[in-house]
Number of protein chains: 2
Amino acid sequence: MYNKDIILLFGGKNMNLLIKNILLPNGESTVNTFICVSNGIIEAIGEMPEGFVADETLDGNGMLAIPAFVNAHTHDYMTVLRGIADDLPFMKWLFEGVMPREDKMTKEQAYWSSLLGCAEMIRCGTGTFCDMHLFGGASAQAAVDCGMRACVSRGLVGSEGGQRRIDEQLAEIEEFKGYENISFMLAPHAIYTCDKEFLLKVSAEAKRLNLGINTHLAESVTEFEDCMKANGCTPTEYMYNLGIFENKTIAAHCIQLTDNDIEILAKCGVSVASNPKSNLKLGNGIAPVYALDKAGVNVCLGTDSTASNNSLNMFSELNYCALLQKGKLGDSTAIPAEKAFEFATINGAKAIGIEKLGRIEKGWKADITLLDLNVPNMIPFRNPYSMICYCADGSEVDSVILNGRVVMKNKKLLTIDEEQLYYNIRKMAEVI
Amino acid sequence: MYNKDIILLFGGKNMNLLIKNILLPNGESTVNTFICVSNGIIEAIGEMPEGFVADETLDGNGMLAIPAFVNAHTHDYMTVLRGIADDLPFMKWLFEGVMPREDKMTKEQAYWSSLLGCAEMIRCGTGTFCDMHLFGGASAQAAVDCGMRACVSRGLVGSEGGQRRIDEQLAEIEEFKGYENISFMLAPHAIYTCDKEFLLKVSAEAKRLNLGINTHLAESVTEFEDCMKANGCTPTEYMYNLGIFENKTIAAHCIQLTDNDIEILAKCGVSVASNPKSNLKLGNGIAPVYALDKAGVNVCLGTDSTASNNSLNMFSELNYCALLQKGKLGDSTAIPAEKAFEFATINGAKAIGIEKLGRIEKGWKADITLLDLNVPNMIPFRNPYSMICYCADGSEVDSVILNGRVVMKNKKLLTIDEEQLYYNIRKMAEVI
């Protein structure tokens, strides 16, 4: 659809890449070492495998390597709607800001909008995103074109038109069969946009296809109260009672939770994708992330879309997550930096079921971000997790390696023609 | 003390500067225009004054000009303590992390540490800071050397040693007499570190010298409860009863406030410097910024020090301020972007009593930040205040003009030798 030539030009994953002279987190300090990557996998750290000849070498001098982030909840096609309806009541935001524009959007526009999101995510050190979309193939193609990993799902609203949307999802799965960086879930949008029968239908379909479920859950007080009134139980209990959580599930937001809800989520192995900035901005509050983590829930982090954030910067989400729990609980020890870092990396990978992603370790996937430490906000450099969580803002990202391929080098994106992209987006923004 | 030669080299304020081809916020949109600066003042916008010949021209193509931020509360000498004691209980943070290191610090170390803070602040578009320090002259000299404005005050703890500290403040005022970018307040540290007699003494001294008061107020639950127990009134009522607020006052934090406290602050014209990130990180909660603003209090924003934040990035404080009030109040319309922007600019200038600072208008001080909009997180560009508050992260800052002098150009600091600075800080961090 876009620039497959460029991808081939810059080499695929069948390369040997050497990252020399690089700092890695080592407990509360760092160690200076080198990383050998082969076939998209970290083959060795600090030792040279026999016969390893580097096709490409990155000099990491003065830089820290961290796993690329996993953005566990976003709607990438909406990136062009950045700032379209700020500081408005939720209903105005949705019905006058977002929805009329979504209605007008074409699949090609959704592709460019998704690619803008990819450019922003890579620039801030994100390698993988979990996407709920409206336009089959748009975000998946953008991810393929720029070399990101994506777990995509078509937002399923039911019952009316529900089957058509499921069919679109099945077609997308068929279209991207064989793209190893693209995976799928089924996404019943929420309990307030899907009736009971439709939820059961999607759940059965997920079982049939052996796919996970990606949904919004317990986002607002309204959703919680409406559900209590209509069903006599909480949104979480409602989904649990329907058996939705028998599928591998990632639930976004999860703000309005009772103690029993938290127990259910933990017991069923539901991953919670918290979106701290979006939740504040839309007036929905602060999720009980500390309690969820303590109960054993796999907590991960997402940006949500740029219509409610308005950026896709995971450094910022990390920072918000750690600070909000401290402030809310009156406890400066709640959610320490390394915990928030796990939420943004390994936990996100677990949530979408990608194995050996989210750590820099031998045998793990080579999704690596290099941070330039020679900037005032990273000096002096102390505990690396603390620096990442409390000092970095994303502008430190110098280079990004995804699946063993260098997609950003010395602050320049290699798999996206930014000039063309921004031109297209600006033209599109005039009419959307 | 450091690099006065460099400052002379790059020209003082007696220059004519033309910023051409620049976008300015214009309601919900922008206008493309040019700015003429003479003698540190914005002489004209969009019209060429008679006889104006530019000594220097900046091409603002693709950039937005905004007033440089006013950081209304920080402790600049502590910048080297960045990340020294994260995720610890408050008492451990203070007594094991911060205080032993402050005790060891020399004035020269405090200077370099302050200059590091200045480098970080300029890089994120801040032009002025309100500083409470321990080392007379260190932060003032750093500000002079790099061209920032600073309102400095020696933190006054009393009674023991109290008079010595006041004398140090008087000596600093004497030392920097005639530096037009340096102004002073007196800083009784807090009600829990100053006894009643000392507070009254400092207040009298402030009246004698016609200086404002800079203090910490109502930061923690402990401070509030202890004051209620000891004095039968709130911290705000206590200060009010002592007549402290008869002086022009800037009070940092102000989290634990009753309705009556808010009325007192409004009635007395006390400015509140809110520090949203520091307040969360130390587990102190969320200040009632919306209520303060509604009551007519002059709210401004600060970063606090890097020991409790851990960055000096005002873009981030803006974002936190606007989002936290929305999330806390469950109201997505609370503290709209332009309001938060005023907190970070004009209101900060008002708080420290600098006239005609904080807006880009004819006749106002030429403290101007240029933002590069050609980055994915600023595309598409819509309402400028919304973009600044919800999308920018500080990395967009391309150039900074302070008092009519270009101190940062094309991402390069012109008045600070960064290489030397970072070398010194890293050496210092090994022993501190």
Side-chain angles (χ1 to χ4, degrees), chain A residues 80 82-84 86-90 93 116 119-120 123-124 221 277 279-286 306 309-313 316 319-320 322-324 326-334 336-337 374-377 379-380 382-383 386-387 390-391 393-395 418 421-422 425-426 428-429, chain B residues 80 82-84 86-90 93 116 119-120 123-124 221 277 279-286 306 309-313 316 319-320 322-324 326-334 336-337 374-377 379-380 382-383 386-387 390-391 393-395 418 421-422 425-426 428-429:
Chain A
V80 71
R82 191 194 303 283
I84 204 65
D86 292 328
D87 301 323
L88 296 176
F90 181 78
W93 171 82
L116 176 66
E120 184 180 355
R123 283 206 164 277
C124 291
V221 172
K277 289 174 75 178
N279 296 340
L280 291 176
K281 186 151 182 283
L282 296 179
N284 288 321
I286 301 171
T306 58
N309 186 327
N310 304 348
S311 82
L312 303 175
N313 187 332
S316 186
N319 186 256
Y320 264 92
L323 262 50
L324 283 176
K326 291 170 173 59
K328 181 184 175 184
L329 300 171
D331 176 1
S332 56
T333 71
N374 206 38
V375 287
N377 56 306
I379 298 172
R382 293 195 169 93
N383 180 317
S386 166
M387 299 305 291
Y390 302 127
C391 306
D393 56 37
S395 64
E418 286 185 274
L421 169 61
Y422 301 161
I425 293 290
R426 284 171 177 140
M428 198 194 309
Chain B
V80 72
R82 190 193 305 282
I84 204 64
D86 291 327
D87 300 324
L88 296 177
F90 181 78
W93 172 82
L116 176 66
E120 185 181 354
R123 282 206 165 275
C124 291
V221 172
K277 290 175 75 178
N279 297 340
L280 291 175
K281 186 151 182 285
L282 296 178
N284 288 321
I286 301 171
T306 59
N309 186 327
N310 303 347
S311 83
L312 303 176
N313 187 333
S316 186
N319 185 256
Y320 264 92
L323 262 49
L324 283 175
K326 292 170 173 60
K328 181 183 175 185
L329 301 171
D331 177 0
S332 56
T333 71
N374 206 39
V375 287
N377 57 306
I379 299 172
R382 293 196 168 93
N383 180 317
S386 167
M387 300 305 292
Y390 301 127
C391 307
D393 56 36
S395 64
E418 286 186 274
L421 169 62
Y422 301 161
I425 293 290
R426 284 171 177 140
M428 196 194 310

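Note that the structure is a prediction, hence the values are computed from the model and not measured. Chain A is the first sequence line, chain B the second, and so forth, proteins listed ahead of strands; every chain is numbered from 1.
Between chain A and the residues N377(B), D86(B), T306(B), the most heavy-atom pairs under 4.5 angstrom are made by N377(B). Ranked by non-hydrogen atom pairs under 4.5 Å with chain B, the options P89(A), S395(A), P380(A) are led by P380(A). Here G327(A) is the residue among G327(A), A429(A), G83(A) with the most heavy-atom pairs under 4.5 Å with chain B. Among the candidates L323(B), T333(B), V221(B), the residue making the largest number of heavy-atom pairs closer than 4.5 Å to chain A is L323(B). Residue with the most contacts toward chain B among L282(A), I425(A), L116(A), D331(A): L116(A) (heavy-atom pairs, distance under 4.5 Å). Comparing K328(B), K277(B), R123(B) by how many heavy-atom pairs each has under 4.5 Å with chain A, the most go to K277(B). For the set P336(A), A337(A), G394(A), the entry with the most heavy-atom pairs within less than 4.5 Å of chain B is P336(A).
With a threshold of 4.5 angstrom between heavy atoms, I84(A) approaches chain B through its backbone and through its side chain. Heavy-atom distances place both the backbone and the side chain of I379(B) under 4.5 Å from chain A. For N319(A), the parts lying near chain B are the backbone and the side chain together; criterion is any non-hydrogen pair under 4.5 Å. Neither the backbone nor the side chain of L329(A) has a heavy atom closer than 4.5 Å to any heavy atom of chain B. For N383(A), no part lies near chain B; criterion is any non-hydrogen pair under 4.5 Å. Of the two parts of M387(A), only the side chain, counted from C-beta on, holds a non-hydrogen atom closer than 4.5 Å to a non-hydrogen atom of chain B. Both the backbone and the side chain of R82(A) come within contact range of chain B, each with at least one heavy atom under 4.5 Å from a heavy atom of that chain.
Proximity of a side-chain donor or acceptor of S332(B) to a complementary backbone N or O of K281(A) within less than 3.5 Å is not detected. No side-chain donor-acceptor contact under 3.5 Å links S311(B) to the backbone of C391(A). Distance alone, capped at 3.5 Å, is enough to place a donor-acceptor pair between the Y320(A) side chain and the Y320(B) backbone.
With rounding to the nearest 0.5 Å, the separation of CG in N284(B) from NZ in K326(A) is 13.0 Å.
A heavy-atom distance below 4.5 Å is not found between the side chains of D393(B) and S316(A). Looking at L280(B) and L324(A), their side chains come closer than 4.5 Å, going by heavy atoms from C-beta outward.
When every heavy atom of Y422(B) is checked against every heavy atom of N374(A), the shortest pair comes out as CD1-OD1, 3.7 Å.
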